[in-house]
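Report on one structure; see the data block that follows.
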Amino acid sequence: MRSIRIAAAQTPEFRDNIEAALDYAIGVAAQAETDGVALLLFPEGFLQGYLTDEPSARRVALDLASTAFAAVLHRLPKSGPMLVMGLIEIDNGRLFNTAIVVEHGVLLGRYRKAHLLRGEQAFDAGTESPLFAIGDLRFGINICYDTNFPEAAAKLAALGASLILCCSNNMMPRDKAEIFKEQHNVVRGERCRETALWMISSDVTGERDGRVAWGPTAVLNPEGQVVAQLPLEKPGLLIFDYPA
């Protein structure tokens, strides 16, 4: 059986430090290229941090048509895997929680988070669910809370996807993190079973200001079973041979 090697990075949290985030991403991408990875996923809000208050989000937001974003693309690798990375986007004054898809330093497209938490009112909701492809592999993107809504995954399945990439950032107050620690994969597994799609997730890990993030960064099969997962407590790169 042919396969396509996919990967997800479980990363430290970078907040308002694009250069540090890029340095980290470049290092992970180089490791992934060495290991023959074709598609590499990073967490929600990875580039600037998951900043949800409007002044902070607006201060770091990037217009994808700007010279500042062109400089980001210039720094990304010109070889190796296709990258999917979370960032805060601004477009005509509107803020979006976005995941970009980049191949060899070229922007292929974006997905804007469609289902927003109460704490994400600084953002506008996205309305489109684009698909992307590597060879025969067609994939779409959900961002974190999107996976709580069956229609988000169902829309991708109806369009012909076989894989969902889930960018997440589950840095939560410790008591809340304990409650949800085992629930993320349960919910994601429901979406896989409903749609017969695979899913790979990427999350942050670490502690900050009484908050903790464990992940998970995992691969789930169409039966909703976890078939690969990184340890919850530390950064790493999850590599999986997806059966194309």
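One-based numbering along the sequence shown. In what follows, every heavy atom counts, from backbone to side chain, and hydrogens, waters and symmetry copies are set aside.
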Is any side-chain heavy atom of I200 closer than 4.5 Å to a side-chain heavy atom of Y242? no

Side chains of F42 and V28 in contact at under 4.5 Å (non-hydrogen atoms): yes

Are side-chain heavy atoms of P81 and E33 found at a separation under 4.5 Å?
yes

Checklist entry - Is there side-chain contact between W214 and E178, with heavy atoms separated by less than 4.5 Å? => result yes

Exercise. How about Y24 and N17: does a side-chain donor come under 3.5 Å of a side-chain acceptor?
Worked result: no

Distance-only donor-acceptor pairs under 3.5 Å for side chains of residues 170-177, two or more places apart:
{"unit_1": "N170", "atom_1": "ND2", "unit_2": "D203", "atom_2": "OD2", "d": "2.7"}
{"unit_1": "R174", "atom_1": "NH2", "unit_2": "E207", "atom_2": "OE1", "d": "2.9"}
{"unit_1": "R174", "atom_1": "NH2", "unit_2": "E207", "atom_2": "OE2", "d": "3.3"}

Next on the checklist: Tell me if a side-chain donor or acceptor on R58 pairs with a main-chain N or O of G93 at a distance below 3.5 Å.
Outcome noted: yes

Between the SG atom in C167 and the CG atom in L87, the distance rounded to the nearest 0.5 Å is 9.5 Å

Margin query: Is there a side-chain contact between E190 and E194 in this structure, where contact means two heavy atoms from C-beta onward sitting under 4.5 Å apart?
Written below: yes

Open item on the list: With no hydrogens and no angle check, just 3.5 Å: does a side-chain donor-acceptor pair link R112 and S129?
Closed with: no

In E89, E128, E44, the residue satisfying salt bridge (charged side-chain N to carboxylate O under 4.0 Å, His left out) with K113 is E44

So CG of L197 and CG of N221: to nearest 0.5 Å the spacing works out to 11.5 Å

Do V226 and P216 touch side chain to side chain, with heavy atoms closer than 4.5 Å? no

(request) Give a yes or no on whether the ring-centroid distance for H115 and Y145 is below 6.0 angstrom. (result) no

Go through it in stages, so that I can follow the logic: the residues are L232 and T205, the test is side-chain contact (heavy atoms from CB on, under 4.5 Å), and I'd like the CA-CA distance, side-chain angles, deciding distance and then a yes or no. CA-CA 7 Å; L232 296 181; T205 189; over 6 Å; no

- Task: Give a yes or no on whether the ring-centroid distance for F240 and W198 is below 6.0 angstrom.
- Result: yes

Is the shortest side-chain heavy-atom distance between L39 and L41 below 4.5 Å?
no

- Task: For this output row, return yes or no: ring centroids of F96 and F123 closer than 6.0 angstrom.
- Result: no

Tell me which donor-acceptor pairs under 3.5 Å the side chains of residues 67-76 have, and how far apart each pair is, sequence neighbours excluded?
{"unit_1": "R75", "atom_1": "NH1", "unit_2": "E19", "atom_2": "OE1", "d": "2.7"}
{"unit_1": "R75", "atom_1": "NH1", "unit_2": "D23", "atom_2": "OD1", "d": "3.4"}
{"unit_1": "R75", "atom_1": "NH2", "unit_2": "D23", "atom_2": "OD1", "d": "2.6"}

task = Compare all side-chain heavy atoms of L47 with those of M85 and state whether any distance is below 4.5 angstrom.
result = yes

